[in-house]
Protein chains: 2
Amino acid sequence: MNDRDHLKGLGEFIRTQRELANLSLRQLADLAKVSNPYLSQVERGLYKPSAEVLKQIAKALHLSAETFYHQAGLLDEDVRNEAADAVESSIKLDPRLTPEQKETLIRVYRGFVGVDR
Amino acid sequence: MNDRDHLKGLGEFIRTQRELANLSLRQLADLAKVSNPYLSQVERGLYKPSAEVLKQIAKALHLSAETFYHQAGLLDEDVRNEAADAVESSIKLDPRLTPEQKETLIRVYRGFVGVDR
DNA sequence: CCCATTTGCTTGGTAAACTTAGCATGCAGC
DNA sequence: GCTGCATGCTAAGTTTACCAAGCAAATGGG
C-alpha cells in the first residue's frame, strides 16, 4: 500500500471540487495564490499541499478548511465508516428535500456504494 | 511587519504547552516523531511546521489538532451554512464514492434544492 | 572535584514544497 | 488557412521543512 495513495485521493478531491465550481486550473490557482503548475501537480497527487495552501483552496472554493484537512487525513480522528451513514442521515434531515427526492437520492447513493439493505 | 510574527506566536504557544506538560524538548520531539533540533527551531519561530507535525504535537500534548490549527491561523474562516451543506460535505467525505459519483450525486442534489453556485 | 546525563542549540545536508518560463493542444474569431 | 487566447502539463530552478551529528552549559551523583 503506497504511502501516497491518500495523497492521490486528496488531489482527485480537489480536482472534483474545482470542476464542480466550474473553475479552470489557473483560475483556482490565482484565487488560492499558488502557481498553476503546482496546483496541477497537487491535483495529480505528486505533491502534498501545505495546510496553508489547503486553507486558501478551501476559501477559494467556499468550502470549510476542515473538509480538506479531513480529506487530507490531517485531523486525527476516527477513520470510521460513519461517513457512509452520514450521507443518508443528512439527506433525511434536509428540510429542503421532499420525501420523494430523499428516496431518489438515497437510491442513487446506495446504488453507487453497493449497499443492499 | 514581519510575516513570521504569527509563526513566533505559534512557537511560543507550543513551548508554553510543552512546559505546562513538563516535557523536555527532546521528549516532546520523540512523542511527536520529529527531531529535537527541528522542534527547537519551530518553537523559536524559525520554521512553520506542517499540519502533520502540528497534528502529532497536538496528539502528544493531548490537545486537539483544531486548537493548533487555529493558533497557527490555519482555520479561521467560514463557519457558515454548516447545516445546509451537510449533505454535500458528507457526500464529499464518503470514501466509498468515486469522484464521478460524488459529482453526480451533488448535481442531482443541487437540482432538487435549486442551488445555483 | 569528575564523570555522566540532560538540557537546548548550531551546523550542514537532503528531500520535498513551491515558482517562473515555456511547450503543446484545442477552440474561437477573422 | 492564420492568430490569439485559454487550457493543462513539463522542465528546471529556488526556497524551506525537516533530519543526523555534534557542541556547550547546566545538573547531580559518586
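All chains are named by letter (A, B, ...) in the order of the sequence lines, taking the proteins before the strands, and each is independently numbered beginning at 1. For the numbers below, each heavy atom of this structure counts, side chains included, while hydrogens, waters and symmetry mates do not.
Look at OH on B:Tyr47: it is 14 Å from C1' on C:dA16, rounded to the nearest Å. Here D:dT16 presents its C1' atom at 12 Å from OH of A:Tyr38, a figure rounded to the nearest Å. The CG-P distance, from B:Asn36 to C:dT6, rounds to 13 Å in whole Å. The interatomic distance linking B:Leu46 (CG) with C:dT11 (P) rounds to 11 Å, in whole Å. Protein atom CG of B:Asn22 is 12 Å distant from nucleotide atom P of C:dG8, rounded to whole Å. Summarising the geometry, the separation between CD on B:Glu12 and C1' on C:dG8 is reported as 16 Å, rounded to the nearest angstrom. When the P atom of C:dC18 is taken as reference, atom CG of A:Leu39 falls 11 Å away, rounded to whole Å. Between A:Leu25 atom CG and D:dG8 atom P there is a gap of 5 Å when expressed in whole angstrom units.
Summarising the geometry, atom CG belonging to B:Leu10 is positioned 9.5 Å from atom NZ belonging to B:Lys48; distances are rounded to the nearest 0.5 Å. The structure places CG of B:Leu54 at 11.0 Å from OG1 of B:Thr67, a figure rounded to the nearest 0.5 Å.
Across all strands, A:Ser35 comes closer than 4.0 Å to base atoms (heavy-atom distances).
Not one N or O on the side chain of B:Lys92 forms a donor-acceptor pair closer than 3.5 Å with the backbone of A:Gln71.
Between B:Glu12 and B:Arg44 there is no salt bridge, since no side-chain N of the basic residue sits under 4.0 Å from a carboxylate O of the acidic one.
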Intermediate values then yes/no, side chain to side chain contact (heavy atoms under 4.5 Å, CB included), A:Glu88 and A:Arg110: CA-CA 9 Å; A:Glu88 292 198 14; A:Arg110 288 187 180 171; 2.9 Å; yes
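Contact annotation: B:Ser40 does not reach the phosphate of C:dT10 (side-chain N/O to OP1 or OP2, under 4.0 Å). Proximity of B:Arg44 to the phosphate of C:dT10: a side-chain N or O atom is located under 4.0 Å from OP1 or OP2. For C:dT7, the OP1/OP2 oxygens have no side-chain nitrogen or oxygen of B:Arg18 closer than 4.0 Å.
Along DNA chain D, the nucleotide closest to A:Ser24 and the one closest to B:Val34 are compared, and the more 5′ of them pairs with A:Ser24. Nearer to the 5' terminus of DNA chain C, by closest-nucleotide assignment, is the contact made by B:Arg15 (compared with the other of B:Arg15 and A:Lys33).
Looking at the side chain of A:Arg26, the nearest of the listed nucleotides C:dT20, C:dG22, C:dC18 is C:dG22. The nucleotide whose nearest atom lies closest to any side-chain atom of A:Pro37 is, among D:dC9, C:dC18, D:dA17, D:dC9.
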